[in-house]
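Both backbone and side-chain heavy atoms feed into the values below; hydrogens, waters and symmetry mates do not. Within every chain, numbering begins at 1; the chains are lettered A, B, ... in the order of the sequence lines, protein sequences first and strands thereafter.
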Amino acid sequence: MSARLPLVIAALALLQGCVTARVDELVYNEPEAGVGNASVVILGRRHAADYETEPDFIECLGDYITDRDPGVRVIGELDFINALYPWFEPRTAPLHPQDIDRLLQQQVVAQRMRELNTGYMIWIDGNTVSSDAGGSMACAVGPGIGGCFGFGTWSNDAEYEATIWDLTGQSEVGRVNTTATGQSYMPAVIVPIPIIAPVQGTACDSLGAQLLQFLSGNY
Amino acid sequence: MRSTTSGPDNVSRFNRPGRVSRLALAALLALALCACGPTTVNVQGRFPRPLMDPLPLKIGVWYPQEFRTHEFHDETTSREQSAWIVETGPAQVEMWDTVLAGMFRDLVYMDGPPGPQQMNPVVNAVLIPHVDELQYAIPTQTKVKVYEIWMRYRFELVTTGGELIAEWTMPAYGKTPTAFLQSDQAAVNLAAVVALRDAGANFITSFAQLPAVRAFLEPAVVMSSPAASADKEDRS
């Protein structure tokens, strides 16, 4: 069993589609020693009509940062928007750093923000889409037997932009853009074998690495 | 349970092969009939209390029966033939209870619909919410990988005697992307919860901006402001 394990892992590693990722970074005012005691919140933009940033992508970014530097305190997205309801709902969320000032004019909101000690707010805008699906596959089930035959392929494209706001100075201090593209395949001879390109995961790693550099004094 | 025996071979009635196959057939038929029924979503969610300074009003609320038990099914079909039934009533009440309790100084539940003959607690005004329309869209209908719920509310703000102070409509919208291993029901529920949260957010931010509501609010807000209290003390 133990001898087969490396083979299984190697086979699984080979069954991943290829992904190409690109990161553009533009940072104006990076904190020299990281964010220190202040907390960070990562929020998804959800005001567009035709798409919304996936909550699990936001969670992935938070996990990426805290796994590598536990000193960076990342507040959960849902915890933050619940604590400040209704001021960070898609309808009411601030679109510019200057809008934060308008929110802080309410004493209860200012008090809650002080309690959360949020130094930086990172807005993620984008999503992952599947396109260019091709090929065909036929499946049949009969008494005691069943299976599929064919070949399918599709492309996954991820595009995300992170905008970093410094809440102390109420200004935008950085912007990171990442794109990732990958081709997934599914050949089927009796059993379909999905060879999935981890496009969203690659985009998460690329963006997470840049955000970690910004937020952590250790990277 | 005691089994009854009969027959020449003393085989239990429930163990006879014919009986077993009839039971199995009936079970399969019942399963098939269940599969043909509508998909029901009983919307459930948790709604946070709004973070705001409460308006200085003792507000009453009356949820009409059709609001408390609100549900939605395809308008083109009967309830039984509809592919989906979305039950939002209990979640509506839970959400509006939370929002109104955080938005006003006091929230009081009315004993009956406001009117000249109805005995009700004394309040500044009574809010009566209605859901006039609800629509949903799921990926199998739209080919867009987003689950959506759209609602149109109608609100009446009345005196305890039933006289109309203001009446207005308000939209609410919620959507959620498709997610791997998430059922259609879970996704519709999530979209409905997002729509309810949006309704609360829209109501909180727009209520005091409505001209008729503003005209009603101004005396109450002015009378309860610190400046008004100081002025009152000076005069006394």
When you measure from the side chain of B:Y173 to the backbone of A:R91, do you find a donor-acceptor pair of N or O atoms at a distance under 3.5 Å?
no
Would you say CZ of A:F151 has more than 12 non-hydrogen atoms from neighbouring residues, nucleotides or ligands within 6.0 angstrom?
yes
Picking from B:I204, B:V99, B:N202, what satisfies side-chain contact (heavy atoms from CB on, under 4.5 Å) with A:P86?
B:I204
Taking atom CG of B:L164 as the centre, report whether more than 12 heavy atoms of other residues, nucleotides or ligands fall under 6.0 Å from it.
yes
Answer yes or no: is there a side-chain heavy-atom contact under 4.5 Å between A:R46 and B:T176?
no
More than 12 foreign heavy atoms under 6.0 Å from CG of A:N37: is that the case here?
no
Of all heavy-atom pairs linking B:L51 and A:L84, the shortest is CD2-CD2, 3.5 Å
In short, A:W87 meets B:M52 closest at the heavy-atom pair CZ2-CB, 4.4 Å
Specify which of A:Q111, A:R112, A:E89, A:Q107 makes the most heavy-atom pairs with chain B at under 4.5 Å.
A:E89
What's the spacing between A:T92 OG1 and B:D198 CG if we round to 0.5 Å?
8.5 Å
Applying a strict 4.5 Å limit to non-hydrogen atoms, the region of B:R46 in contact with chain A is neither
Heavy-atom count around B:R68 CZ within 6.0 Å, excluding the residue itself: above 12?
yes
